[in-house]
Amino acid sequence: ALWILPAFPPKMWRALLWIFLIGQVVLSLISLGPLVLDYEATVLAIKKNGNVPVAGSISHIYFGLYLVEAVVIALYLFREDVPLFWKKEKWLALGLGLFCVVALHIFTSRTGLLAFYSTTFLIVLYYLFYQKTYLAGIAMLLILIAIPFVAIQTIPSLKMRWDVTVWDLQ
């Protein structure tokens, strides 16, 4: 039934994208509160193959996928560079997108992480083959390969999730 509705004007569409992106950042910040306050209990839960609780009783699986969508929206808003209110907001979108990437790794949603790396890999392939930006594409591919290794070594909750996942697979 939605197909009979008139199309959103571009400005309204961008406003909806901003609302979703900011909403995910706010929900991430709210959800990080208990993690910071009771870090040991959260790490213990992850060791027992539990999950980091998300505010609002949202499934951590869905939340991880929402964060991936927020990252893609942030990249879109950065790339489009059509400001809604002020000229520098594309940099705000990029910063919020990077925050969502970090939050995704802290929350250790395996489904979200798989979706993030798969989506990012497809974006890199697009830049390599369709945009013909080989140097930038190869640089992005190398960064994409390095991010999980660095994240596993620097984010303790992700390290625990990695160890549990490797143990599950054995």
Mind checking whether Phe149 and Leu104 sit in one hydrophobic cluster, side chains of I, L, V, M, F, W, Y counted as touching below 4.5 Å? yes

Beyond-backbone contact of Phe99 with Leu29, side-chain heavy atoms, under 4.5 angstrom: yes

Go through the steps to decide whether Phe121 and Leu141 satisfy the test side chain to side chain contact (heavy atoms under 4.5 Å, CB included), and finish with yes or no. CA-CA 7 Å; Phe121 182 71; Leu141 191 60; 3.8 Å; yes

What heavy-atom pair brings Leu128 and Ile138 nearest, and what distance separates the two atoms? CD2-N, 3.9 Å

Minimal heavy-atom distance between Ile152 and Lys159, with the atoms involved, is O-CB, 3.3 Å

Is there a path of hydrophobic side-chain contacts, each under 4.5 Å between heavy atoms, that joins Val101 and Leu114? no

Residues Leu65 and Ala115: closest non-hydrogen pair is CD2-CB, 3.7 Å

Pair Ile58, Leu27 - check side chain to side chain contact (heavy atoms under 4.5 Å, CB included), show working. CA-CA 10 Å; Ile58 298 172; Leu27 190 57; 3.3 Å; yes

Any chance you could lay out the side chain to side chain contact (heavy atoms under 4.5 Å, CB included) test for Val71 and Leu67, step after step, and finish with the verdict? CA-CA 6 Å; Val71 170; Leu67 282 174; 5.6 Å; no

What one should report as the nearest heavy-atom pair of Cys100 and Val25 is SG-CG2, 3.8 Å

For Tyr117, what residues pass the side chain to side chain donor-acceptor pair (under 3.5 Å) criterion, not counting sequence neighbours? His105

Do any side-chain atoms of residues 87-97 form donor-acceptor pairs under 3.5 angstrom with protein atoms, and if so which ones, sequence neighbours left out?
{"residue": "Glu89", "atom": "OE1", "partner": "Leu84", "partner atom": "N", "Å": "3.4"}
{"residue": "Glu89", "atom": "OE1", "partner": "Phe85", "partner atom": "N", "Å": "3.0"}
{"residue": "Glu89", "atom": "OE1", "partner": "Trp86", "partner atom": "N", "Å": "3.4"}
{"residue": "Glu89", "atom": "OE2", "partner": "Leu84", "partner atom": "N", "Å": "2.3"}

Can you sort out the partners of Tyr130 under ring-ring contact (aromatic ring centres under 6.0 Å, His included), two or more places apart, ordered by chain and number? Tyr126

Might you work through the side chain to side chain contact (heavy atoms under 4.5 Å, CB included) test for His60 and Phe107, ending with a clear yes or no? CA-CA 8 Å; His60 70 284; Phe107 287 115; over 6 Å; no

Atom of Val124, atom of Gly137 and distance for their closest heavy-atom approach: CG1-O, 3.5 Å

Cluster question for you: counting only ILVMFWY and a side-chain heavy-atom cut-off of under 4.5 Å, with indirect links fine, are Phe116 and Val150 together? no

